[in-house]
Protein chains: 2
Amino acid sequence: MPRETARGTITLRDVALLAGVSRSAVSRTFTAGASVSDKTRAKVEKAATTLGYSPNALASSLTTGRTKMIGLVSNNFHNPVFLEVFDLFTKGLQARGLRPLLVNLTDEVRPEDSIRLLRAYSVDGVIVASSTLPASFAEGFHDAGVPVVHSFGRHIANPQVNVLGIDNIAAGRLAARTLIERGYQRIAFLGGPATATSTQDRFAGFAEVIRASGLDLSFSYASNYSFDAGRAEMLRLLAAGAPAEAYFCGDDVLSIGALSAIQSSGLRVPEDIGVIGLNDMEMAGWANINLTTIHNPFAQIIAASIDVIAASLNDNSRAPEARLFDCSIVERGTLRPLP
Amino acid sequence: MPRETARGTITLRDVALLAGVSRSAVSRTFTAGASVSDKTRAKVEKAATTLGYSPNALASSLTTGRTKMIGLVSNNFHNPVFLEVFDLFTKGLQARGLRPLLVNLTDEVRPEDSIRLLRAYSVDGVIVASSTLPASFAEGFHDAGVPVVHSFGRHIANPQVNVLGIDNIAAGRLAARTLIERGYQRIAFLGGPATATSTQDRFAGFAEVIRASGLDLSFSYASNYSFDAGRAEMLRLLAAGAPAEAYFCGDDVLSIGALSAIQSSGLRVPEDIGVIGLNDMEMAGWANINLTTIHNPFAQIIAASIDVIAASLNDNSRAPEARLFDCSIVERGTLRPLP
DNA sequence: GATCATTGTGCAACCGGTTGCATTTCAGGG
DNA sequence: CCCTGAAATGCAACCGGTTGCACAATGATC
């Protein structure tokens with residue numbers, strides 16, 4: 001008698017009974033590389049399909065120690081660029097048979113809670129996708145023994161955890177050189193929140209080059225990486241009078257906010273004011289935006305992040321690596337052309 | 001001797017040993033409403049914190065039959081509105097102690113695979129967030145015995161599964177009335193993909209009212225809900241000559257593409273051509289876009305979807321419900337004002 | 001046909017918790 | 001101080017799989 005199937009779930013037992021083999025045999029037919037004869041495999045598969053059996057991944061995780069779930073943690077649920085990021089991460093993880101367990105950190109930056117949560121769910125690894133969180137956040141997972149990669153995080157020489165992303169300092173330098181090449185003199189930095197590591201680094205590289213050229217540099221910060229914050233800050237700058245000739249904005253969405261402020265005030269881009277962004281999100285290429293920006297190679301970074309996390313699953317003692325990816329200028333319509 | 005802690009995981013046993021109680025006692029201190037004396041609870045909690053123990057949610061799911069994981073399935077990873085959707089879903093689920101397991105269906109619409117996958121992970125329920133998938137997709141989960149709600153799905157009278165969203169037919173009517181009120185005569189529908197249920201319904205309502213008013217109605221479809229598709233289709237219409245006076249576009253992102261095409265061709269909005277969108281995504285309110293559109297009450301729909309799925313977890317025999325939410329016009333700058 | 005190396009198979013213990021049941025502890029009442 | 005009922009506790013079986021080990025079946029070799 002196939003026992004009370006109270007919750008209706010079909011288990012290994014049921015299949016074994018129907019196929020007339022042991023539970024081990026059923027288990028083995030469903031684990032790759034196990035030793036099963038063609039004959040029993042056939043019997044088991046037949047029984048499994050007639051019952052509509054599919055193995056319980058969570059139960060097996062108990063003994064194998066692997067859930068094939070990856071925590072995907074982010075705090076950027078308002079920046080359009082992150083839609084591309086989620087798309088690439090989910091597709092990339094799925095392609096490797098990994099499942100993203102999503103954690104929205106928007107209002108919550110206490111690492112302990114996320115760590116406890118993701119440990120409770122025994123995720124095999126964690127991807128922290130954020131350019132604004134401090135390194136300590138990802139390190140918390142590492143300290144808890146969970147493989148982790150910090151995507152879009154701050155680069156440092158000897159990191160505690162894997163960190164993959166662009167060199168924000170170099171990106172700042174690139175922005176500065178680009179503006180200088182085009183003959184801009186009164187140049188400004190309109191950054192994201194001053195607390196974000198990405199903002200700090202972009203500013204550092206930018207300021208270094210501008211000042212080395214003997215130019216003045218004014219700078220200010222938007223309250224966060226958002227359209228409204230970019231627009232508000234640019235409106236403030238315009239109202240204060242004597243805006244700069246060109247602005248390096250913290251990222252694309254901030255740039256778009258700034259552009260809208262400039263348009264509202266009747267000034268023209270790039271004739272009166274030039275703007276360069278960073279990220280090259282899809283929208284930056286839209287014909288009505290046409291933002292000159294610095295390309296952030298998301299697809300590469302994400303593919304590499306997944307490679308690294310997958311490698312860490314097999315060998316958690318890997319030394320953490322900090323990998324940098326090159327940025328490049330995408331010339332569109334918000335800077336005047338090279339002289 | 002606390003047994004070989006090979007993988008370093010701290011279990012119930014370890015805590016029980018240290019606290020000098022049985023495993024049951026430890027288990028009970030961590031399950032709400034169980035009967036434990038204050039004294040043993042204190043001992044257990046002390047031991048748990050010194051060991052850094054946190055219960056394994058997956059192991060407990062084995063006996064309780066609940067994982068508190070919800071499959072969040074979508075195929076819209078390119079429409080900016082979905083960033084808002086993911087933000088609201090993840091926050092709402094987390095607030096109830098539920099965890100979203102994300103499934104990206106972008107290139108994949110075979111329901112069986114997703115069903116098999118989510119059953120393998122024993123999710124307690126599934127939310128299908130898509131306005132383009134057929135009802136049969138969500139029904140697949142229902143047939144497999146998994147509670148499911150289809151958010152933004154097509155409304156029908158006696159649904160097989162919970163479906164929550166706007167009344168797309170009513171929205172189409174609303175768009176038509178809005179255009180007629182403003183005196184537009186040559187009116188057109190620029191829809192999303194003709195295969196999407198949302199497109200079909202919006203068209204049905206829209207066409208009904210336009211034709212009832214004795215006006216002509218021309219219509220065409222973009223290849224998908226995206227900026228590029230909207231722009232391409234509008235460029236084609238403009239090149240073909242004699243465009244309509246006003247367009248009801250399938251959604252906001254399509255509208256923005258169409259707007260950009262109109263601007264590119266030197267025509268003015270709303271003087272030469274009016275545009276009305278649908279969704280009222282964040283970006284529609286950006287000052288440089290300022291799209292007149294129909295508000296889709298995402299926050300309400302998502303909150304209700306979570307309520308419904310949470311209720312289904314306790315009682316999977318609930319009769320499926322189809323709930324409709326009201327849309328409203330958001331007046332901005334892409335339609336001429338009421339006469 | 002006997003011998004030996006290879007698979008293939010089932011038993012039983014285990015992964016980390018939960019829970020029904022029997023037993024013990026305890027507080028309050030007489 | 002004893003009795004009673006309720007609360008607390010531990011035992012042991014179980015959730016749905018996996019896996020080491022011993023044994024059985026199979027095939028190759030001489």
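The structure displayed is predicted, hence computed values, not measured ones. Each chain gets a letter, A, B and so on, in the order its sequence line appears, and its residues count up from 1.
- When heavy atoms are screened at a 4.0 angstrom cut-off, A/Ser37 is found touching the sugar-phosphate backbone but no base atom.
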| request: Could you walk me through whether A/Phe298 and A/Phe152 pass the ring pair (Phe, Tyr, Trp, His ring centres under 6.0 Å) test, one step at a time? | output: CA-CA 9 Å; A/Phe298 289 114; A/Phe152 316 119; 5.5 Å; yes
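- With distances taken from any side-chain atom of A/Leu12 to the nucleotides D/dG10, C/dG17, D/dT18, the minimum falls on D/dT18.
- Atom OH of B/Tyr121 is separated from atom C1' of D/dG16 by 15 Å (rounded to the nearest Å).
- The two atoms that bring B/Arg28 and B/Arg41 nearest to each other are O-NH2, 4.3 Å, heavy atoms only.
- With sequence neighbours left out, the salt bridge (Lys or Arg N to Asp or Glu O under 4.0 Å) criterion links B/Asp143 to no other residue.
- Defining each end axis of the helix from C/dG1-D/dC30 to C/dG30-D/dC1 as the rotation carrying four pairs' C1' atoms onto the next four, with five pairs an end, the two axes are found to diverge by 30° to 10 degrees.
- Using modelled atom types, no side-chain atom of A/Asn79 and backbone atom of A/Asn76 make a donor-acceptor pair closer than 3.5 Å.
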Hey, what are the protein-to-nucleotides 19-22 of chain D N/O distances that come in under 3.5 Å?
unit_1 : atom_1 : unit_2  : atom_2 : d
D/dT19 : O4     : A/Ser24 : OG     : 3.2
D/dG20 : O6     : A/Arg28 : NH2    : 3.0

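- For A/Arg119 and C/dG16, the CZ to P distance is 13 Å, given to the nearest whole Å.
- In this pair, B/Phe77 and B/Phe86 present their aromatic rings tilted. The plane angle is within the 30 to 60° band.
- If you check every strand for non-hydrogen atoms under 4.0 Å, A/Ser60 touches sugar and phosphate atoms only.
- Taking atom CG of residue A/Asp14 and atom P of nucleotide D/dG16, one finds them 9 Å apart after rounding to whole Å.
- Between the CG atom of A/Leu58 and the C1' atom of D/dG16 there is a distance of 10 Å, rounded to whole Å.
- Two residues, B/Ala59 and B/Gly20, neighbour DNA chain D, and the one matched to the more 5' nucleotide by heavy-atom proximity is B/Gly20.
- Residues B/Leu62 and A/Leu62 meet the side-chain proximity criterion, which asks for heavy atoms closer than 4.5 Å.
- There is a side-chain donor-acceptor pair under 3.5 Å between B/Thr40 and B/Ser37.
- Contact between the side-chain N/O atoms of B/Ser35 and the OP1/OP2 oxygens of D/dA8 is found at a separation under 4.0 Å.
- With rounding to whole Å, B/Asn56 atom CG is found 19 Å from C/dC14 atom P.
- In the displayed structure, B/Arg323 atom CZ is contacted under 6.0 Å by more than 12 heavy atoms of other residues, nucleotides or ligands.
- Applying the 6.0 Å contact sphere to CG of B/Asp315 captures more than 12 heavy atoms from other residues, nucleotides or ligands.
- Atom P of nucleotide C/dC14 and atom CG of B/Leu62 are separated by 17 Å, given to the nearest angstrom.
- Using a 4.0 Å cut-off, some side-chain N or O of A/Tyr53 falls inside it from OP1 or OP2 of D/dG17.
- Rounding to whole angstrom units, CZ of residue A/Arg13 and C1' of D/dG16 are separated by 10 Å.
- As judged by a 4.0 angstrom heavy-atom cut-off over every strand, B/Val21 is placed among residues touching the sugar-phosphate backbone only.
- Looking at residues two or more places apart in sequence or on another chain, you find no salt bridge (Lys or Arg N to Asp or Glu O under 4.0 Å) involving B/Asp124.
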Tabulate atom names and distances for all N/O pairs under 3.5 angstrom spanning the protein and nucleotides 23-29 of chain C.
none

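- Checked against ring-ring contact (aromatic ring centres under 6.0 Å, His included), A/Phe89 has no partners two or more places apart in sequence or in another chain.
- One side chain, B/His78 or A/Asp87, offers a donor N or O that lies under 3.5 Å from an acceptor on the other.
- Regarding A/Arg66, its CZ atom lies at a distance of 17 Å from the P atom of C/dC15, rounded to whole Å.
- With D/dT9, D/dG17, C/dT9 as the choices, the nucleotide that has an atom nearest any side-chain atom of B/Thr40 turns out to be D/dT9.
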